[in-house]
Amino acid sequence: MTTVTAMPALVPMPVLLPLLGAALTLAFRRSARLQRTTSITVLSLVVIVAAVLVQQTDANGPQVLWLGGWDAPLGIALVADRLSSLMLLVSSVVTLIVIVFAIGQGSADDDDENGQQTPLSIFHPTYLVLTAGIANSFLAGDLFNLFVGFEILLFASFVLITLGGTATRIRASTTYVVVSLLSSALFLVAIAGVYAATGTVNLAQLAIRLGDISPGVSLVLQLSLLTAFAVKAAVFPMSAWLPDSYPTAPAPVSAVFAGLLTKVGVYAIIRVQTLLFPDSPLHGLLMGAALLTMVIGILGAVSQSGLKRILSFTLVSHIGYMIFGIALATPHGMAGAIFYVVHHITIQAALFLICGLVERLAGTTSLHRLGGLALASPVLATLFFVAAMNLSGIPPLSGFLAKIGLLQAGIEVGTPLAWLLVTAGIVTSLLTLYALAKVWSQAFWRSLVEARVAGAALDASDGLSRATGIEVSAVENGDLAGVSVGRSGDTPRTATIALDADPATGERLVSNARSLPPTMVAAAAAMTAVGLVITLAAGPLFAYTQRAAVDLISRQPYITSVLPVEVRR
Amino acid sequence: MSAAVATALSALTSATSAHGAVVPALIEATLRPSLTLVVVVAALVATGTSLILDRSLVRVLLGLLLIGNGVAVLFMVVSGTAGAAPFVGSAPPNEMSDPLPQAMVLTAIVISLATVGFLLALAYRLWQTSGTDDVPDDAEDAHIQRLAEARETSDTYDPSEVPTTTSDELAGDGLDGPPRVDDEIAGGGR
């Protein structure tokens with residue numbers, strides 16, 4: 001123990017407070033108001049605790065608590081070092097803002113406040129359990145507790161992703177549930193292997209003992225752990241589940257999933273790579289995975305036409321940047337990866353919240369049908385613009401700084417593979433800009449008439465294709481919507497109808513925009529603003545992530561503060 | 001896959017003996033894993049894997065359960081030959097079973113219980129909404145399939161092209177219209 005203060009007592013709070021809150025909100029299920037108050041109070045407290053932990057660990061080194069008062073190597077340790085504390089702070093800020101957004105949405109959906117709707121009454125407890133699971137994963141000082149943290153957040157996420165139980169959500173969540181459970185099974189197999197080879201699951205003890213076992217066995221263990229975490233983090237060959245399952249969830253749920261759940265996987269990869277396998281032979285493999293994740297993910301985003309799917313694919317793609325930083329295994333690469341995680345959590349959550357607002361405003365997220373949003377709601381357009389520019393890395397925003405940090409680290413390493421990844425990183429950034437600019441020009445910039453014509457043409461052609469089995473394509477010509485049947489070589493036969501430019505639709509959109517719940521808009525704005533704060537505080541934050549990266553790579557502060565000298569074997 | 005896991009695990013446990021100095025006395029028992037248990041793990045995981053590949057969600061649930069049980073048995077392999085019950089004072093410590101894997105398995109079993117509960121609810125809801133517990137095709141997959149059938153994806157996709165096509169059939173195909181390449185140009189994408 002480095003400090004003899006009361007501070008280690010704070011370490012379990014980010015897990016305990018949400019669990020207590022979950023119990024309370026379950027008891028308060030008849031009163032929506034009490035539920036809201038409890039959730040917001042609990043999550044605000046967690047933000048404060050996490051901020052204190054960041055300050056404490058930065059000043060005094062890792063804070064360790066052995067649960068239940070067992071002696072050092074036997075009990076279950078919770079450890080907050082610089083990396084865990086920072087992840088806790090960012091995740092608690094995001095969960096707080098998202099619950100405010102969800103409350104804004106919920107109270108507008110359910111004006112009579114009878115509190116009888118089941119999805120609403122279970123939302124708060126489940127959400128708080130999810131928060132506890134995320135915090136437990138960040139604080140876990142042994143592999144099995146990490147597994148338990150994963151399971152807590154997974155089961156909460158199962159409930160949240162099937163909220164409402166519509167046919168599409170059940171379909172989409174089936175993929176998510178089965179993939180998650182399989183990766184958990186693989187994680188358990190890996191834990192069994194680790195225990196068989198070393199006789200412990202404590203991370204600090206493993207850090208010492210794994211160096212002594214044979215390289216082949218160590219490689220098997222590392223591969224199985226990395227595979228299990230890569231599924232959670234949606235690294236390329238294991239990423240196919242994500243764009244299928246996230247878009248169907250309610251907006252606040254997909255925001256918190258996109259922001260946090262994949263990052264828990266990334267956190268686990270960072271922890272395992274630095275603490276357990278410092279002389280990893282797998283850097284090349286990770287580099288390759290990072291490359292494919294970036295490029296294939298962003299090509300998916302470019303080819304999609306639904307806003308939620310585009311965002312899901314950019315999410316997958318940008319995981320590649322973090323894996324790139326981890327694979328470099330230099331202090332600068334690791335610091336860049338940590339900074340990128342912080343930036344990406346906030347900005348991806350912000351974009352999903354904005355997407356939720358778009359869906360509420362226009363009733364769809366299909367780019368074929370959206371239009372005229374910039375005119376209808378300039379506030380929403382500004383928020384989307386800032387967040388999109390931030391994600392694609394336009395200077396001087398935090399996305400730019402995060403990417404520069406990673407690219408510099410890559411150039412420092414200077415191997416051909418690192419250069420290839422630097423190039424891929426730049427291409428991915430440009431393609432992200434392209435995908436989001438497409439969203440901007442379709443959904444926000446083009447006129448509503450164009451969007452209506454395109455939508456009508458698409459409806460007609462889809463309906464005809466399905467009914468007749470003949471290929472029918474949509475045709476737009478000014479304010480004429482139509483369909484066209486082209487048989488081999490002939491001039492396509494085209495039928496069009498004129499849509500009256502109904503001014504009422506535009507007015508409806510504008511009045512919808514006026515009646516957007518201010519709480520939701522404020523929450524989305526706050527999330528975007530957090531991205532800007534990260535930009536402003538980039539100097540100190542980068543210095544902090546540098547210190548965290550040095551800690552991770554030297555491994556000493558973690559091991560020495562967890563284990564007393566006499567049990568270091 | 002399961003057999004590979006089992007092999008890897010026996011390799012792991014034998015590796016421990018090679019580097020026995022590292023391992024504390026309590027774990028010495030793991031040096032002789034039971035082959036029967038390894039076979040049971042392999043059988044459970046293999047059966048589970050084949051069940052997961054089924055369309056029916058209830059079968060998928062059974063598959064996940066079998067895999068979970070397989071992994072639980074794997075922990076028994078890890079904990080080595082069975083010894084005395086690990087109660088303080090009931091036997092000398094080096095004759096006891098290793099209690100830690102049992103504690104872990106207990107946690108894993110509780111989690112399996114939650115899995116069963118949730119997946120049964122999911123399957124029931126699927127049955128309520130669609131009248132069957134077969135997992136339907138993904139909407140996006142179906143859309144891509146339609147595009148492919150409408151010959152909008154690639155020039156190489158051709159459902160009529162089978163390896164046994166005779167020259168007569170090819171000639172007949174030609175009479176129906178010009179080759180597909182023209183089609184792509186004339187029809188245009190949407």
Side-chain angles (χ1 to χ4, degrees), chain A residues 144 147-148 151 155 158-159 162 165-168 170-175 177-178 181-182 184-186 188-189 191-193 195-201 209 212-214 216-217 220-221 224 243-244 306 309 457-458 461 465-466 470-475 484 486-492 569, chain B residues 5 8-9 11-13 15-16 18-19 21-24 26-27 30 33 52 57 60 64 67-68 70-72 74-75 77-79 98 100-101 104 107-108 111 114-115 118-119 122 125-126 128-130 135-136 138-140 146 150-152 176-180 182-183 186-190:
Chain A
F144 199 78
F147 169 77
V148 172
E151 294 303 304
F155 275 89
F158 292 167
V159 175
T162 49
T166 59
T168 43
I170 296 288
R171 164 67 189 81
S173 62
T174 307
T175 322
V177 170
V178 173
L181 289 175
L182 276 179
S184 296
L186 182 62
L188 261 186
V189 171
I191 291 177
Y195 187 76
T198 63
T200 181
V201 287
R209 288 189 188 171
D212 295 335
I213 66 174
S214 77
V217 176
V220 170
L221 297 178
S224 32
D244 271 357
R309 278 196 180 244
L458 205 67
S461 69
S465 295
R466 221 169 283 174
I470 305 171
E471 175 194 0
V472 180
S473 41
V475 173
S484 142
R487 271 294 292 172
S488 30
D490 308 344
T491 334
R569 279 259 30 120
Chain B
V5 171
L9 247 292
L12 282 177
T13 37
T16 325
H19 297 74
V22 179
V23 180
L26 191 65
I27 315 303
T30 61
I52 278 188
L57 195 53
V60 172
L64 283 169
I67 290 184
V71 177
L74 183 69
F75 271 88
V77 179
V78 164
S79 66
D98 183 358
L100 196 53
M104 293 186 198
T107 315
I111 292 171
T115 311
F118 183 79
L119 275 177
L122 198 67
R125 182 68 192 162
L126 187 63
Q128 274 187 328
T129 54
S130 64
V135 178
D138 183 33
E140 193 72 12
R146 270 212 308 283
R151 288 180 266 119
E152 285 195 19
D176 282 348
R180 276 177 213 303
D182 294 354
D183 202 352
R190 62 176 53 165

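For the pair Met104(B) and Phe144(A), the tightest heavy-atom approach, listed with the atom from each and the gap, is O-CZ, 3.4 Å. Nearest heavy-atom pair, Tyr195(A) versus Val78(B), reported as atom, atom and distance to 0.1 Å: CD2-CG1, 3.5 Å. Between Leu122(B) and Ser173(A), the closest heavy-atom pair is CD1-OG, 4.0 Å. A pairwise comparison of heavy atoms in Val71(B) and Ala185(A) identifies CG2-O, 4.1 Å as the closest pair.
For a residue to count as touching a neighbouring chain, one of its non-hydrogen atoms must lie under 4.5 Å from one of that chain's; by this rule Leu64(B) touches chain A with the side chain only. For Val159(A), the parts lying under 4.5 angstrom from a heavy atom of chain B are both the backbone and the side chain. Of the atoms belonging to Phe158(A), heavy atoms from both backbone and side chain fall under 4.5 Å from chain B. Residue contact with chain A, scored on non-hydrogen atoms closer than 4.5 Å, is absent for Ser130(B).
Heavy-atom pairs under 4.5 Å with chain A were tallied for Ile52(B), Ile67(B), Leu100(B), Leu57(B); the largest tally goes to Leu100(B). Ranked by non-hydrogen atom pairs under 4.5 Å with chain A, the options Ile111(B), Thr129(B), Val135(B) are led by Ile111(B).
Counting heavy atoms from C-beta on, the side chains of Thr174(A) and Val60(B) never come closer than 4.5 Å.
A distance of 8.5 Å separates CZ of Phe147(A) from OG1 of Thr107(B), quoted to the nearest 0.5 Å.
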